[in-house]
Colleague: 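Can you read through this structure? Questions will come right after.
Since we're looking at a predicted model, the values are computed, not measured. Only this structure's heavy atoms are used, side chains among them; waters, hydrogens and symmetry mates stay out.
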Amino acid sequence: MEWSDLQVFLAAVRTGSYTAAGRLLAMNRTTVGRRIDALEASLGVPLFADTPRGPAPTKAGERLLKAATDIEREVAGMLDDLALGAQAAGSVRIAASAGIVSEFLPQLLRFQQANPQCAIELLGELDALDAVTCRRADLAIALVRSPPLRLAGEQVAVLSQARYVRHDLPDDAPHLGWGHELDAALPGGHWAAANPSGEAAERAGLITCNSWPQMKQAVLAGFGSAVLWCFAGDAEPGLRRITPPDPRHDCPLWLLHRAKAPPGPGLTKLIAFLQQALATRLAPDKDIA
């Protein structure tokens, strides 16, 4: 067994497919499959089994995963100690609830500048939990009260919401709502319920949006008023609060990854960085009404 074989195995577990692992490792799918087959042959046990969500490690695969993760962590630490950390290249795919990642682009830029070897891909997903569960994303920046058992991670902050309108518009400016697409992707979301959504918004004849950036930009453009996250609304000089935050619409913000796929060095660094950077970014989220 060689370390490079374990790297192929780790990539296959984390990405969920030989094709995606090949992209990550700059090799074709056939080569990835051949390396996994050789690893299974050398150990004499199958490492993957088919499940409704795609291939998943067997019991033997889980044991190998733990050992491979420990080795990877030790190698990454050694490279950092020798100032060779840049050799540990990787990529991270990020999904965020309703596109709220747009508020954290400055923090992601700082991370990218400090870690140019770690490529970041921002995905246009509405449901970040589903994106990570189905292996389309590695990290979810998720608005959820408590994460499902299949995901693991850290809570960064609790966000509040209030209604905002542009400074030159009256308090009774028309309300904006969430569209059918977001209503279908995040049904019953307590934070999404802060604005009328789906059929309710349509019956009321409201202009609707299907992502956080759309909603915020629509309020800034003067389309009407909407309930926005306070940390973002308060930072916009062109907006003013017209209601106090409603505690019913408070929501924790989480950094989540798949529980059974330990994060690699790049994702581990990003999570640690964002924990501190986002906590600082969100600290001013106070009631100023």
Colleague: Quick check: is Val13 connected to Leu25 through a chain of hydrophobic side chains (ILVMFWY, heavy atoms under 4.5 Å apart)?
Modeller: yes
Colleague: Mind checking side-chain hydrogen bond (donor to acceptor under 3.5 Å, both in side chains) for Asp171 and listing every partner two or more places apart, or none if nothing turns up?
Modeller: Arg240
Colleague: So Val165 and Leu239, do their side chains get closer than 4.5 Å, heavy atoms only?
Modeller: no
Colleague: For the pair Ser211 (side chain) and Gly99 (backbone), establish whether a donor and an acceptor sit closer than 3.5 Å, ignoring hydrogens and angles.
Modeller: no
Colleague: Do Val144 and Val227 belong together in a cluster built from hydrophobic side chains that touch within less than 4.5 Å?
Modeller: no
Colleague: Output all residues satisfying salt bridge (Lys or Arg N to Asp or Glu O under 4.0 Å) with Arg35, sequence neighbours left out; order by chain, then residue number.
Modeller: Asp5
Colleague: As a test of understanding, state which of Arg166, Arg241, Lys216 forms a salt bridge (Lys or Arg N to Asp or Glu O under 4.0 Å) with Glu236.
Modeller: Lys216
Colleague: Ser91 versus Leu24: any side-chain heavy-atom pair under 4.5 Å?
Modeller: yes
Colleague: Got a sec, which residues hit side-chain hydrogen bond (donor to acceptor under 3.5 Å, both in side chains) with Ser197, two or more places apart in sequence or on another chain?
Modeller: Asp183
Colleague: Return the minimal non-hydrogen interatomic distance between Leu274 and Gln107, and the atom names on each side.
Modeller: CD2-CB, 4.4 Å
Colleague: What residue pairs, at least two apart or across chains, pass ring pair (Phe, Tyr, Trp, His ring centres under 6.0 Å) with a residue in residues 97-135?
Modeller: Phe104-Phe231, Phe111-Phe273
Colleague: How about CD on Glu62, more than 12 heavy atoms from neighbouring residues, nucleotides or ligands closer than 6.0 Å, or not?
Modeller: yes
Colleague: Can you tell me how far the CD1 atom of Ile36 sits from the OG1 atom of Thr31, to the nearest 0.5 Å?
Modeller: 11.5 Å
Colleague: Around atom CD of Glu2, are there more than 12 heavy atoms from other residues, nucleotides or ligands closer than 6.0 Å?
Modeller: no
Colleague: Taking side chain as C-beta onward, heavy atoms only, is Leu65 less than 4.5 Å from Pro262?
Modeller: yes
Colleague: What's the separation between atom CG in Leu255 and atom CD in Gln155, rounded to the nearest 0.5 Å?
Modeller: 10.0 Å
Colleague: Could you tell me whether Arg23 and Glu121 make a salt bridge, using a distance below 4.0 angstrom between a side-chain N and a carboxylate O?
Modeller: no
Colleague: Hey, quick one: are Leu186 and Leu206 part of the same hydrophobic cluster, counting side-chain heavy atoms closer than 4.5 Å, chains of contacts allowed?
Modeller: no
Colleague: Report the residues that fulfil side-chain contact (heavy atoms from CB on, under 4.5 Å) with Ile71, sequence neighbours left out, ordered by chain and then residue number.
Modeller: Trp3, Leu6, Val75
Colleague: If you look only at pairs with a residue in residues 142-187, which of them pass as a ring pair (Phe, Tyr, Trp, His ring centres under 6.0 Å), with sequence neighbours excluded?
Modeller: none
Colleague: Distance check, rounded to the nearest 0.5 Å: Leu10 atom CG versus Thr69 atom OG1?
Modeller: 5.0 Å
Colleague: If only atom types and distance count, is the side chain of Arg150 paired as donor or acceptor with the main-chain N or O of Ala259 below 3.5 Å?
Modeller: no
Colleague: Hydrophobic clusters here meaning ILVMFWY residues chained together by side-chain heavy-atom distances under 4.5 Å, can you tell me if Leu122 and Leu139 are in one?
Modeller: yes
Colleague: Between the side chains of Trp229 and Glu103, does any donor sit under 3.5 Å from an acceptor?
Modeller: no
Colleague: List the atom of Leu182, the atom of Asn210, and the distance in Å for their closest heavy-atom pair.
Modeller: N-OD1, 2.8 Å
Colleague: What are the two closest non-hydrogen atoms of Ala98 and Pro213, and how far apart are they?
Modeller: O-CD, 3.6 Å
Colleague: According to side-chain contact (heavy atoms from CB on, under 4.5 Å), who are the partners of Ala56, at least two apart in sequence or on a separate chain?
Modeller: Thr51, Arg135
Colleague: Distance from Gln217 atom CD to Ser102 atom OG, nearest 0.5 Å?
Modeller: 8.5 Å
Colleague: According to a hydrophobic-cluster definition based on side-chain heavy atoms being under 4.5 Å apart (Ile, Leu, Val, Met, Phe, Trp, Tyr only), do Leu270 and Leu278 belong together?
Modeller: yes
Colleague: In Å, rounded to the nearest 0.5 Å, how long is the span from SG of Cys209 to CE of Met215?
Modeller: 4.5 Å
Colleague: Which donor-acceptor pairs under 3.5 Å do side chains of residues 37-49 form with protein atoms, sequence neighbours excluded?
Modeller:
residue, atom, partner, partner atom, Å
Glu40, OE2, Leu47, N, 2.8
Ser42, OG, Leu39, O, 2.8

Colleague: Check side-chain contact (heavy atoms from CB on, under 4.5 Å) between Ala137 and all other residues, then give those that pass, not counting sequence neighbours.
Modeller: Ala95, Leu123, Ala131, Val132
Colleague: Above 12 or not: heavy atoms from other molecules or residues under 6.0 Å from CG of Leu149?
Modeller: no
Colleague: Rounded to the nearest 0.5 Å, how far apart are CG of Leu228 and OG of Ser160?
Modeller: 13.0 Å
Colleague: Return the minimal non-hydrogen interatomic distance between Asp250 and Arg145, and the atom names on each side.
Modeller: O-NH1, 3.2 Å
Colleague: Which pair of heavy atoms, one from Leu176 and one from Ala218, lies closest together, and at what distance?
Modeller: CD1-CB, 3.7 Å
Colleague: Please report the shortest heavy-atom distance between Thr15 and Ala20, naming the atom on each side.
Modeller: CB-CB, 3.5 Å
Colleague: Can you check whether Asp246's main-chain N or O pairs, donor with acceptor, with Gln161's side chain at less than 3.5 Å?
Modeller: no
Colleague: Does Asn195 have any side-chain hydrogen bond (donor to acceptor under 3.5 Å, both in side chains) partners at least two apart in sequence or in another chain, and if so, which?
Modeller: none
Colleague: Using the side chain to side chain contact (heavy atoms under 4.5 Å, CB included) rule, pick out the option among Asp138, Thr268, Ile271 that qualifies with Val92.
Modeller: Asp138
Colleague: Suppose we screen for salt bridge (Lys or Arg N to Asp or Glu O under 4.0 Å). Which residues come up paired with Arg136, at least two apart in sequence or across chains?
Modeller: Glu125, Asp130
Colleague: Applying side-chain hydrogen bond (donor to acceptor under 3.5 Å, both in side chains), which residue pairs with at least one partner in residues 254-265 are found, sequence neighbours left out?
Modeller: none
